[in-house]
Amino acid sequence: MKAKLVVGIFAAATLILVSGGSLAVFAADENLALESAKTLTESEPMKEDKYPDEWDQEDPLNYRAYKQMQEESDILVNNASLWKASGITTQWDGVTYTHTAENTANKSVVAGIDVSYHQGNIDWKKVRASGIEYAIIRAGYRAYGSGSLGQDVKFQTYIRDAKNAGIKVGVYIFSQAITEAEAREEADFAVEQIKKSGYTLDLPVVIDLEFAGDRLGRLYEANLSKEQMTNIANAFCERVQSYGYQPMIYASSSWLYGKMDGDALGQKYMLWMARYNTHSYNAATESGKQLFGGQIDVWQCSSTAKVNGISGNVDLDWIYYQRQNVCQAADGNWYYYVDGEIDTSFTGLAPNSSGWWRIENGKVNFDYNGFVKNSEGWWYVEGGQVRFDRTEVIEGTVDGENGWWNVVGGVVEFTDTVAQNESGWWCIRGGKVDFGYTGLAANSSGWWRIEDGHVNFDYQGFVENEEGWWYLEGGHILFDRTEVIEGKVEGEEGWWNVVGGVVEFTDTVAQNESGWWCIRGGKVDFGYTGLAANSSGWWRIEDGHVNFDYQGFAENEHGWWYLEGGHVLFDKTDIIQGIIDGKEHQWYVKGGNVQLTYTGIVMIHGSLYHIKNGIVE
């Protein structure tokens, strides 16, 4: 056996990598991954015509694979006096690797590899006999030029033969995603390949975000910000989780620090870091370059390792996994193991690669249906398994309180919203249906009429909340409605002025399909005759309704005004015949207003007029 672990390795069945129920994303380019190599000189990008004929010329992994094929030697710093890493050590092919205590606490360390079709034919039984316990197999990639997705031609063969040889597997996709939508598409593609294989994973589904080569490819050319790259990684992981798989992120230590927010991502997902030296960490900086120093779950320590069963070089990975798992025993039952032993004292939730399970005294209870709590919240369990695919209102007991609880992605959300189950839509207060509530409640789709906790989709009319009185049809507020609407507000029947769904208790002139109306205090005043204003002008009102046929004079508190087409002509200056206060005369109008206090001479349309108190003499 080539690999010798200085610490004990527990080979209990189906040991998996677990970190808060999440997978990790994989992102690193070759130049940055070799960041501890102080003597490395940068190579020119490899020419495509040098690649073997069977390689896809747009495969973004070609650059690194070509270097491996050229027998590039590992660049390792072996002077232990330069480092202050503390923790356990492992050995591979005569090289001693030191792992920091932050990464290995309460975990075991096992050897793994990651492979693609560039490795050619692999004798997986020899690989397993050499000491390799895990393999992360490439499912596919996005072309670095065209952006199309392609399957790794060896994936189905590799995963079958690796599993048959007793090697536990994970999956990665070499990404060139430049948008969140493309990252989700890559997650869909990877999961599709996994399902086609028919095999269960033991490790996460990983996104490998790195450049296709030295200053090469669509990802390099996109020049994404740190926030954009972080969002792409997060989008992939969220999509993978939605399928019930664990996600993980691969990156070099400089990418995790400089090109994405490794600290933030590490709080949610597992991380796979590439750093080619003999220590998983040294100081936070090296040769003046700031590097990632957070906790990781997998360390890719070499791209040129030698493993029996593989001709040429291969990536070597040290995998840190928690020493507990849910596995099937020879008696057919499933148990919770710690360091290979059933822990009969444990009752709660525990994961394996297939999900999270209800454990009672160390044994999975497949008959359990209900809610179970762990450090992440209250989870809905059905058939003994957390139902990450369930998003609905579910009856049960949470924190000792029976009720109907809002479950989103398997976990109770203790927020206020409106959510559904097969019986309808419900008002959620603090995570639970409030059967005593009548009024308005909101979710991302709008505001809804609630009666005794239930949405009344038949409701049409006005409803009040702390923001005002709102108009509803079909049980929800119509925020796009701006018109005069009949109904009851504050116990008073009337025609009310609705603007953006809410009653405006102001004076104006507003319309509905029956015409334009005088609004006083938010309601049509059918008893009013006179002038009323809105943002478009002053209007002639008769019995609350605008008379667009009106032409003549009308009075308000500001005086007498001349109207045509039912509205005051503020741009009108003229001598106009008409009746004011029962007297018909020619009147002097200026800016639409009758100049009743004016006495003098004016010139209108080239003619002089003598005016006395607004009347032409």
Kindly say whether [Y] contributes a backbone atom to a donor-acceptor pair with the side chain of [X] at under 3.5 angstrom?
{"X": "T391", "Y": "G409", "answer": "yes"}
{"X": "S280", "Y": "T100", "answer": "yes"}
{"X": "Y158", "Y": "S116", "answer": "yes"}
{"X": "Q228", "Y": "S225", "answer": "yes"}
{"X": "R218", "Y": "Q176", "answer": "yes"}
{"X": "K168", "Y": "A162", "answer": "no"}
{"X": "T104", "Y": "K107", "answer": "no"}
{"X": "N365", "Y": "R358", "answer": "no"}
{"X": "Q328", "Y": "N333", "answer": "no"}
{"X": "S146", "Y": "A143", "answer": "no"}

Subject >> Sequence neighbours excluded, every pair satisfying salt bridge (Lys or Arg N to Asp or Glu O under 4.0 Å) that has a member inside residues 236-249 >> reply: D188-R239
Spatial distance of atom [atom1] ([X]) from atom [atom2] ([Y]) [nearest 0.5 Å]:
{"X": "K363", "Y": "T344", "atom1": "NZ", "atom2": "OG1", "value": "12.5 Å"}
{"X": "Q151", "Y": "Q156", "atom1": "CD", "atom2": "CD", "value": "5.5 Å"}
{"X": "F155", "Y": "Y117", "atom1": "CZ", "atom2": "OH", "value": "15.5 Å"}
{"X": "E180", "Y": "I232", "atom1": "CD", "atom2": "CD1", "value": "7.0 Å"}
{"X": "D59", "Y": "H118", "atom1": "CG", "atom2": "NE2", "value": "4.0 Å"}
{"X": "L209", "Y": "S175", "atom1": "CG", "atom2": "OG", "value": "4.0 Å"}

Subject >> Ring centres under 6.0 angstrom apart (W255, F292) >> reply: no
Is it the case that [X] and [Y] place a side-chain donor and acceptor less than 3.5 Å from each other?
{"X": "D114", "Y": "Q300", "answer": "yes"}
{"X": "H99", "Y": "T89", "answer": "no"}
{"X": "E413", "Y": "N406", "answer": "no"}
{"X": "W272", "Y": "D317", "answer": "yes"}
{"X": "T96", "Y": "Q91", "answer": "yes"}
{"X": "N164", "Y": "K125", "answer": "no"}

To check you understand the geometry: which heavy-atom pair defines the closest contact between [X] and [Y], and what is its length?
{"X": "F189", "Y": "G140", "answer": "CE2-CA, 4.1 Å"}
{"X": "I296", "Y": "Y320", "answer": "O-CD1, 3.7 Å"}
{"X": "N369", "Y": "G383", "answer": "OD1-N, 2.8 Å"}

Please say whether more than 12 non-hydrogen atoms of neighbouring residues, nucleotides or ligands are located less than 6.0 Å from [atom1] in [X].
{"X": "E54", "atom1": "CD", "answer": "yes"}
{"X": "F346", "atom1": "CZ", "answer": "yes"}
{"X": "K373", "atom1": "NZ", "answer": "no"}

Original post:
Could you walk me through whether K154 and N121 pass the side chain to side chain donor-acceptor pair (under 3.5 Å) check?
Top reply: CA-CA 9 Å; K154 287 286 190 179; N121 295 325; 2.8 Å; yes
Subject >> Residue from W357, F388, Y368, W356 passing ring-ring contact (aromatic ring centres under 6.0 Å, His included) with W379 >> reply: F388
Original post:
Is the shortest distance from a Lys or Arg side-chain nitrogen in R387 or D389 to a carboxylate oxygen in the other one below 4.0 Å?
Top reply: yes
Original post:
Under 4.0 Å between a Lys/Arg side-chain N and an Asp/Glu carboxylate O for R184 and E182?
Top reply: no
**OP:** Starting from the C-alpha separation in whole Å, work towards a yes-or-no answer on side chain to side chain donor-acceptor pair (under 3.5 Å) for D56 and Y51.
**Re:** CA-CA 9 Å; D56 177 358; Y51 296 155; over 6 Å; no
